[in-house]
Novice: 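Dropping a structure here in structure tokens format, bear with me for questions.
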Amino acid sequence: MNNIPRHVAIVMDGNGRWAQKRGLSRSAGHRAGVETIRNVLKTCKKLGIEVLTLFAFSTENWKRPKSEVDGLMALLVEYLKKETKELNESNVRLKIIGDISKLPMHIQQEIHNSTQLTKDNDGIVLNLAINYGGRAEILRAVKKIANDVCLGKISQQQINEELFSKYLYTHDLPDPDLIIRPSGEYRISNFLLYQMAYSELWFSKIMWPDFSSRVLLRAIKDYQKRDRRFGAV
Ligand code: IPE
Ligand code: IPE
Ligand code: MG
């Protein structure tokens, strides 16, 4: 239990291929992926991890067929409706990163309800990345900073790494210590670009619906063997 990462971030990938292999629809794969969230969150809580960030929908995922996008949105609403009460009872703070203003109004409302209800909880933060893109997040921060400079709220000289991170969606979270990508893809796909400067990366061929607590523990064990030097010797 020594050296537990404070913040674990996961790219929930491989639902479609998992389903395809079983002759199921992609949406059945996404549904199975939601089940994985329950197990992984439970294990993170037990380990005392402070933040679990899950990449659920990227700014690029709008390129998918409308039927799949609609299915993913419906699944999100279903998850929030079903789980919020229990998340709240187990002291989870739900947080969303990404541009949710592009989502249908009723989904924004559902997100608002869930985040409001859990906002004062001081247990693990379940941070869902929805319509999130690392580049979009950085540009949003740049625009906000430019605006605050124009308004005279901050001066150009004050802009440094610490200030910049206060303008990101993750302003109230530590940087991810460990980023996990299942599904056998060795890429970041626009996830947490600014925050991942010194994150440890862990890849696995397992598809997200098959990702279990055992796999998570293996990732954490590997993480614990890493020597994080942050540029020093
Ligand atoms: C889920 O996995 C990730 C989301 C974008 C919701 P995918 O739907 O990308 O599954 P694969 O990569 O096609 O197998
Ligand atoms: C990354 O998965 C985004 C999410 C898991 C939400 P993708 O399946 O969209 O990534 P690419 O297209 O393989 O890079
Ligand atoms: Mg994918």
Side-chain angles (χ1 to χ4, degrees), residues 7-41 44 51-83 94-104 107-108 110-111 125-140 168-170 173 176 178-196 199 201-212 215-216 219:
H7 182 174
V8 173
I10 309 180
V11 180
M12 302 191 287
D13 197 17
N15 296 347
R17 279 164 285 169
W18 179 91
Q20 214 161 27
K21 217 179 118 192
R22 287 162 179 75
L24 301 168
S25 65
R26 292 182 59 85
S27 76
H30 295 313
R31 190 167 283 282
V34 176
E35 288 306 312
T36 304
I37 297 179
R38 289 196 184 91
N39 294 328
V40 167
L41 178 64
C44 286
V51 185
L52 172 65
T53 295
L54 299 175
F55 202 2
F57 192 89
S58 78
T59 46
E60 287 71 39
N61 288 146
W62 297 105
K63 294 177 194 163
R64 296 185 179 204
K66 186 175 182 300
S67 57
E68 181 169 348
V69 171
D70 289 350
L72 283 165
M73 294 296 158
L75 207 53
L76 169 65
V77 172
E78 190 183 317
Y79 177 79
L80 294 175
K81 278 200 201 299
K82 262 206 331 230
E83 304 287 322
L94 182 72
K95 180 181 160 79
I96 307 288
I97 58 172
D99 182 7
I100 61 161
S101 74
K102 297 289 171 342
L103 305 186
I107 302 184
Q108 292 183 44
E110 208 57 52
I111 288 173
V125 177
L126 175 59
N127 183 31
L128 296 183
I130 296 166
N131 192 22
Y132 173 87
R135 286 183 172 179
E137 178 185 39
I138 290 168
L139 288 179
R140 174 180 172 271
L168 297 172
Y169 290 120
T170 50
L173 305 176
L178 173 61
I179 296 184
I180 295 174
R181 174 135 197 184
S183 91
E185 307 295 358
Y186 299 94
R187 55 176 172 260
I188 290 302
S189 301
N190 206 9
F191 193 37
L192 301 173
L193 295 182
Y194 189 84
Q195 298 88 337
M196 65 169 298
S199 301
L201 308 179
W202 195 85
F203 297 94
S204 160
K205 287 202 164 69
I206 201 157
M207 300 296 153
W208 177 247
D210 287 331
F211 196 96
S212 61
V215 184
L216 178 65

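Read the numbers this way: they start at 1 and go in the same order the structure lists the ligands and their atoms.
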Novice: Among all residues two or more places apart in sequence or in another chain, which pass the ring pair (Phe, Tyr, Trp, His ring centres under 6.0 Å) test with W18?
Specialist: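 If we apply the ring pair (Phe, Tyr, Trp, His ring centres under 6.0 Å) test to W18, skipping adjacent residues, there are no hits.
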Novice: Return the set of residues passing salt bridge (Lys or Arg N to Asp or Glu O under 4.0 Å) with R22 (not counting sequence neighbours), or none when no residue passes.
Specialist: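 Residues passing salt bridge (Lys or Arg N to Asp or Glu O under 4.0 Å) with R22: D210.
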Novice: Relative to ligand 2, is R181 under 4.0 angstrom through side chain, backbone, both or neither, heavy atoms considered?
Specialist: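 For R181, the contact with ligand 2 is made by the side chain alone.
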Novice: For ligand 2, does F57 get within less than 4.0 Å through its side chain, its backbone, both, or neither, judged by non-hydrogen atoms?
Specialist: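 It is the backbone that gets close, since no side chain atom is under 4.0 Å.
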Novice: Would you say L72 has any N or O atom under 3.5 Å from an N or O of ligand 1, going by distance alone?
Specialist: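 Between L72 and ligand 1 (N or O atoms, distance only) the closest approach is not under 3.5 Å.
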Novice: So, 4.0 Å and heavy atoms of R17: is ligand 2 close enough to count as a contact?
Specialist: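 Checking ligand 2 against R17, which is what was asked, there is no heavy-atom contact under 4.0 Å.
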Novice: Quick check: does W18 get an N/O under 3.5 Å from an N/O on ligand 1?
Specialist: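 In this structure, W18 places no N or O atom under 3.5 Å from an N or O of ligand 1.
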Novice: Examine E185 against ligand 2 and note whether any of their N/O atoms are separated by less than 3.5 Å.
Specialist: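 No, since none of the N or O atoms of E185 sits under 3.5 Å from an N or O of ligand 2.
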Novice: Side chains of M12 and I37: closer than 4.5 Å at any heavy-atom pair?
Specialist: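 A side-chain contact under 4.5 Å exists here.
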Novice: Within the 4.0 Å heavy-atom shell around R187, which atoms of ligand 2 are there?
Specialist: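 By the 4.0 Å cutoff, the relevant atoms are 11 (P), 13 (O), 14 (O).
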Novice: Just to verify, what does K81 make a salt bridge (Lys or Arg N to Asp or Glu O under 4.0 Å) with, not counting sequence neighbours?
Specialist: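 Here the qualifying residues are E110.
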Novice: Below the 3.5 angstrom mark, is there an N/O of S58, backbone or side chain, next to an N/O of ligand 2?
Specialist: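 Min N/O separation from ligand 2 is not below 3.5 Å for S58.
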Novice: Using a strict 4.0 Å threshold on nitrogen-to-oxygen distance, state whether R140 and E137 make a salt bridge.
Specialist: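 Looking at R140 and E137, the cut-off is not met.
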Novice: Are any of the heavy atoms in M207 under 4.0 Å away from ligand 1?
Specialist: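 Under 4.0 Å: no for M207.
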Novice: Which atoms of ligand 1 sit under 4.0 Å from any heavy atom of A56?
Specialist: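 Checking each atom against A56, I get 6 (C).
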Novice: Polar-atom distance check: R64 versus ligand 1, any N or O pair below 3.5 Å?
Specialist: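 Yes - when backbone and side-chain N and O of R64 are compared with those of ligand 1, one distance drops under 3.5 Å.
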Novice: Restricting to under 2.8 Å, identify the protein N, O or S atoms around the Mg ion (ligand 3) as residue plus atom.
Specialist: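 Atoms qualifying: D13 OD1.
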Novice: Could you tell me the residue and atom name of the protein heavy atom closest to atom 5 (C) of ligand 2, and the distance to it rounded to 0.1 Å?
Specialist: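 Checked against all protein heavy atoms, atom 5 (C) of ligand 2 sits closest to M12 O, 3.4 Å.
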Novice: Within a strict 4.5 Å, meaning less than it, do heavy atoms of the S58 and N190 side chains meet?
Specialist: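 With C-beta onward as the side chain, the pair stays apart.
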Novice: Pick, from G133, A129, S189, the option with the minimum heavy-atom distance to atom 11 (P) of ligand 2.
Specialist: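 That would be S189.
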Novice: With the side chain counted from C-beta on, respond yes when T59 and R135 share a heavy-atom pair under 4.5 Å apart, and no when they do not.
Specialist: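 No, every pair of side-chain atoms sits at 4.5 Å or beyond.
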Novice: To check your reading of the model: name the closest protein heavy atom to atom 10 (O) of ligand 1, its residue, and the distance in Å.
Specialist: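 Looking at atom 10 (O) of ligand 1, the protein heavy atom closest to it is G16 N, 2.9 Å.
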